[in-house]
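Note that this is a predicted model, so its numbers are computed, not measured. Note: hydrogens, waters and symmetry copies are ignored here, and every other heavy atom, side chains too, is used.
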Amino acid sequence: MRTWRGWTRADDADAYAAYLMETGHPGYTSTPGNRGVTFTRRDDGDRVEFLLTSMWDSWESVRAFAGPDPERAVFYPQDDRFLVDRELTVDHYEVFAVGHGTV
């Protein structure tokens, strides 16, 4: 599992969410070996935090998405317009269990 965080001004959050759906979502989901992606957001005062998590079949799949240095975050052309803060690196986790429950 791969995770990344970025922050926008509250006024830009809806536009950034739409931008992520136009750029990031297809970038993740069209990469062979992607097992799913979740885009989340939460209000943090005058900023909004975005947390993206993605699941991958293998390190080769991660590299196909991220390039030769999979620890570096992937950015899109208009990210500078929206993001007031961002993680430049990502975190990776080994998934050892997945549960499916009912709500």
Side-chain angles (χ1 to χ4, degrees):
M1 183 174 73
R2 177 181 171 95
T3 67
W4 173 83
R5 286 181 174 81
W7 292 262
T8 67
R9 289 177 290 281
D11 291 344
D12 290 334
D14 289 341
Y16 185 62
Y19 179 68
L20 282 175
M21 294 307 295
E22 293 171 8
T23 59
H25 193 271
Y28 282 85
T29 58
S30 68
T31 303
N34 178 266
R35 305 280 309 258
V37 62
T38 303
F39 289 4
T40 65
R41 63 188 264 187
R42 70 177 176 149
D43 290 342
D44 186 19
D46 60 344
R47 302 187 328 167
V48 173
E49 176 184 0
F50 287 81
L51 170 64
L52 283 56
T53 62
S54 54
M55 304 288 280
W56 300 91
D57 281 338
S58 65
W59 277 109
E60 291 77 23
S61 299
V62 171
R63 284 185 186 93
F65 170 72
D69 184 0
E71 302 298 321
R72 293 185 56 123
V74 172
F75 295 105
Y76 294 91
Q78 295 298 314
D79 283 343
D80 288 342
R81 175 178 162 222
F82 293 110
L83 295 170
V84 296
D85 196 7
R86 68 183 96 184
E87 294 178 338
L88 299 178
T89 59
V90 299
D91 291 313
H92 293 100
Y93 299 86
E94 182 178 337
V95 176
F96 62 91
V98 176
H100 296 281
T102 58
V103 178

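Annotation: the span from Asp44 atom CG to Thr8 atom OG1 amounts to 10.0 Å, rounded to 0.5 Å. Interatomic distance, OG1 of Thr3 versus CD of Glu87, reported as 6.5 Å (0.5 Å rounding). Separation of atoms CZ (Phe65) and CZ (Arg2) is listed at 5.5 Å; rounding is to 0.5 Å. A distance of 12.0 Å separates CZ of Arg9 from CG of Asp85, quoted to the nearest 0.5 Å. Between the OG1 atom of Thr40 and the CG atom of Leu52 there is a distance of 7.0 Å, given to the nearest 0.5 Å. For the atom pair Tyr76 OH and Leu20 CG, the distance stands at 9.0 Å (nearest 0.5 Å).
Using a 4.5 Å heavy-atom threshold, the side chains of Val62 and Glu60 count as separate. Within the 4.5 Å cutoff, side-chain heavy atoms of Val84 are placed close to those of Arg47. No side-chain heavy atom of Trp7 sits under 4.5 Å from any side-chain heavy atom of Val48.
Shortest non-hydrogen contact noted between Ala66 and Val74 is CA-CG2, 3.7 Å. Across Ala73 and Val90, no two heavy atoms sit closer than the pair CA-CG1, 3.8 Å.
No donor-acceptor pair under 3.5 Å is formed between the side chain of Asp43 and the backbone N or O of Gly45. The backbone N or O of Ser61 lies less than 3.5 Å from a partner atom in the side chain of Ser58, making a donor-acceptor pair.
Residues meeting the side chain to side chain contact (heavy atoms under 4.5 Å, CB included) test with Arg86, sequence neighbours left out: Trp4, Phe75, Asp79, Asp80, Leu83, Leu88. Remark: Arg5 pairs with Glu49 by the side chain to side chain donor-acceptor pair (under 3.5 Å) rule, at least two apart or across chains. Every residue two or more places apart in sequence or in another chain was checked for a side chain to side chain donor-acceptor pair (under 3.5 Å) with Arg81, and none qualifies. The ring-ring contact (aromatic ring centres under 6.0 Å, His included) test applied to Tyr19 returns Phe82, not counting sequence neighbours. Scored by the ring-ring contact (aromatic ring centres under 6.0 Å, His included) test, Phe39 finds His25, Tyr28 as partners (sequence neighbours excluded). Here Arg35 pairs with Asp57 under the salt bridge (Lys or Arg N to Asp or Glu O under 4.0 Å) rule; sequence neighbours left out.
Under a cut-off of 6.0 angstrom, the local environment of CG in Asp11 is sparse, with at most 12 non-hydrogen atoms contributed by other residues, nucleotides or ligands.
Annotation: Trp56 is not in aromatic contact with His92 [ring centroid separation under 6.0 Å not met].
The existence of a salt bridge linking Arg41 and Asp14 is confirmed by a sub-4.0 Å separation between a basic side-chain nitrogen and an acidic carboxylate oxygen.
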